[in-house]
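First the structure, in the form of structure tokens, and then the observations on it.
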Amino acid sequence: MDDVAKIINDIKAGNIKPIYFLMGEEPYYIDRIAEYIEENVLTEEERGFNQTVLYGRDVSVDDIIGAAKRYPMMAERQVIIVKEAQDLARTIDKIESYVKDPQPTTVLVFCYKYKTIDKRKTFSKLLAQKGVVFESKRLYENQVEDWIKRLLSSKGYKIDNKAAIMLVEFLGTDMGKIAKEIEKLDVILPPGSAITPKTIEDNIGFSKDFNNFELTKAIGQHNKLKAYRIVNYFAENPKDNPLVVTTAIVFRFFVQILQYHGLKDRNPKNVAEKLGIRPFFVADFTEALKHYPMKKASYIVAELRKIDVKSKGVGANSISHADLLKEMMIHIFD
């Protein structure tokens, strides 16, 4: 993100603000900025007396103000990092009195995760005037794929599209979790390696052949044999392949098919935009359109809703996940 790079570059250049308010739904960049400040603003010798980490659940705003007003010891500045600052949500605006006149020798960092403050309020505007207010927004699934490619590129690696999709499919959009898995690859692989689905399977543990991506591809091609092989694998490995996730992904796939049916402009660029998919997936959906007319796709969506309810134990406690997977396939290929 450009905003993150600017914050880091300003700190490197010595343009250090007295307050950093890091907030938002995605904790990854909040942690990265806080870690950078923690590791780089003070020297190792200065940190012992001048760096303090507080936790929102253990302190009050008054405690934070008191600590921030102290002078550094044998150093140009002190650093105070308030982690889990969202636990102070009810009283956080009390910091306004300090923000009006912050201690110039203190760098005060708030890690306010999963929430944001109202940017329209005077408190928020004052924070932006005196320091840095950074909002870390959660990325959409297709944005995470690009982020993975950029992150790996910065480390000197390349990754193909399917391998990036596998990471998102199995790890979701949790950037911190994905980054940890990428760190494992960084340790294992030689610089400049190309990361493929086999790389992911061998080093992270996801099957390149038996996953939801391959399942929807087989369904789209109306490849009954391959689809049944995949769901049989899922049935044998339920912990690694939760039914609720599979149902949600297949459901979304058929909703997208219905959206495609409803498009008047079927230019590939427009289809990709309307369906929220990569342009190289348009051909797969065009193929699926031949096998699933609108009436059939609507029927499958309705049945998948029922299976989703059953998978959560509503009125179907005695039905195994294996049987529900088979039921799903019957509705799709019937």
Side-chain angles (χ1 to χ4, degrees), residues 1-3 25-26 137-154 157-175 178 194-197 200 206 208-227 230-231 245-305 307-308 328-329 331-334:
M1 288 179 68
D2 293 341
D3 289 347
E25 294 181 2
E26 176 51 64
K137 296 180 180 179
R138 192 171 294 281
L139 300 183
Y140 294 110
E141 189 171 306
N142 58 346
Q143 293 174 311
V144 175
E145 291 170 30
D146 283 338
W147 174 78
I148 289 171
K149 291 174 182 177
R150 289 197 304 272
L151 180 60
L152 284 166
S153 178
S154 71
Y157 300 101
K158 292 181 180 179
I159 185 169
D160 70 21
N161 291 323
K162 183 178 175 182
I165 291 165
M166 284 174 67
L167 283 174
V168 177
E169 179 186 333
F170 285 97
L171 298 173
T173 57
D174 186 329
M175 295 163 69
I178 294 170
I195 297 171
T196 65
I200 302 296
F206 309 142
K208 64 182 176 62
D209 297 316
F210 298 96
N211 55 66
N212 287 308
F213 172 75
E214 290 296 331
L215 177 60
T216 54
K217 188 173 181 180
I219 290 171
Q221 295 170 344
H222 212 262
N223 188 334
K224 187 184 296 188
L225 179 60
K226 184 178 178 180
I230 293 171
V231 297
V245 175
T246 299
T247 306
I249 289 172
V250 176
F251 177 84
R252 183 182 63 184
F253 178 70
F254 278 100
V255 168
Q256 288 170 316
I257 290 173
L258 283 174
Q259 290 174 329
Y260 198 168
H261 274 297
L263 292 178
K264 292 181 179 179
D265 179 1
R266 295 193 175 181
N267 178 282
K269 184 178 179 181
N270 184 60
V271 172
E273 182 181 338
K274 297 299 183 183
L275 270 59
I277 60 174
R278 296 291 188 191
F280 51 79
F281 284 130
V282 172
D284 293 339
F285 278 89
T286 302
E287 172 71 15
L289 218 63
K290 300 173 187 175
H291 302 296
Y292 302 99
M294 185 174 284
K295 186 176 180 181
K296 176 65 175 178
S298 298
Y299 163 78
I300 293 170
V301 166
E303 293 303 320
L304 285 169
R305 289 183 190 276
I307 290 170
D308 180 56
M328 181 190 301
M329 293 299 99
H331 290 306
I332 290 171
F333 292 111
D334 185 18

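Counting from 1, the numbers follow the sequence of the chain as shown.
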Legend entry - Basic-acidic side-chain contact under 4.0 Å: R278, D146: yes
Inset, instruction - Measure the spacing between CZ of F333 and CD1 of I219 and express it to the nearest 0.5 Å. - result: 5.5 Å
Legend entry - Any R266 side-chain heavy atom under 4.5 Å of L289 side chain: yes
Inset, instruction - Please answer whether the main-chain N or O of A164 pairs with a side-chain N or O of E145 as donor and acceptor at a distance below 3.5 Å. - result: no
Legend entry - Residues in side-chain hydrogen bond (donor to acceptor under 3.5 Å, both in side chains) contact with E26, at least two apart in sequence or another chain: R138
Inset, instruction - For side-chain contact (heavy atoms from CB on, under 4.5 Å), just list the numbers for E214 and K226, CA-CA rounded to whole Å, side-chain angles, deciding distance to a tenth of an Å, and then say yes or no. - result: CA-CA 9 Å; E214 290 296 331; K226 184 178 178 180; 2.9 Å; yes
Legend entry - Side-chain H-bond candidate by donor/acceptor type, N161 with K149, under 3.5 Å: yes
Inset, instruction - Please round to the nearest 0.5 Å and tell me the distance separating atom CD1 of I178 and atom CG of L139. - result: 9.0 Å
Inset, instruction - Go through the steps to decide whether I257 and I300 satisfy the test side-chain contact (heavy atoms from CB on, under 4.5 Å), and finish with yes or no. - result: CA-CA 11 Å; I257 290 173; I300 293 170; over 6 Å; no
Legend entry - From CD (Q143) to NZ (K137), nearest 0.5 Å: 10.5 Å
Inset, instruction - With rounding to the nearest 0.5 Å, note down the distance linking CG in L215 to CZ in F253. - result: 9.0 Å
Inset, instruction - May I ask you to test the K274-Q259 pair for a side-chain heavy-atom distance under 4.5 Å? - result: no
Inset, instruction - Heavy atoms only: give me the nearest L151-S154 pair and the separation to one decimal. - result: O-OG, 2.5 Å
Inset, instruction - Please report the closest heavy-atom contact between A227 and A218, naming both atoms and the distance. - result: N-CB, 3.9 Å
Inset, instruction - Find the distance between CG (N211) and CD1 (I165) and round it off to the nearest 0.5 Å. - result: 9.5 Å
Inset, instruction - Could you tell me the separation between the NZ atom of K158 and the OG1 atom of T196, rounded to the nearest 0.5 Å? - result: 14.0 Å
Inset, instruction - State whether the side chain of K162 and the backbone N or O of K208 hold a donor-acceptor pair below 3.5 Å, judged by distance alone. - result: yes
Inset, instruction - Check step by step if side-chain contact (heavy atoms from CB on, under 4.5 Å) holds for Y292 and I332. - result: CA-CA 9 Å; Y292 302 99; I332 290 171; 3.6 Å; yes
Inset, instruction - Classify the ring geometry between Y299 and H331 as parallel (under 30°), tilted (30 to 60°) or perpendicular (over 60°). - result: perpendicular
Legend entry - Audit row: Q256, I277, side-chain contact (heavy atoms from CB on, under 4.5 Å) steps and yes/no: CA-CA 9 Å; Q256 288 170 316; I277 60 174; 3.5 Å; yes
Inset, instruction - Side-chain contact test, heavy atoms from C-beta onward, threshold under 4.5 Å: evaluate it for L275 versus L263 and give yes or no. - result: yes
Would you mind writing out the side-chain donor-acceptor pairs for residues 279-288 within the sub-3.5 Å range, not counting sequence neighbours?
| unit_1 | atom_1 | unit_2 | atom_2 | d |
| --- | --- | --- | --- | --- |
| T286 | OG1 | Y260 | OH | 2.9 |
| T286 | OG1 | V282 | O | 2.9 |
| E287 | OE2 | H291 | NE2 | 2.9 |

Inset, instruction - Return the minimal non-hydrogen interatomic distance between P293 and H261, and the atom names on each side. - result: C-NE2, 3.5 Å
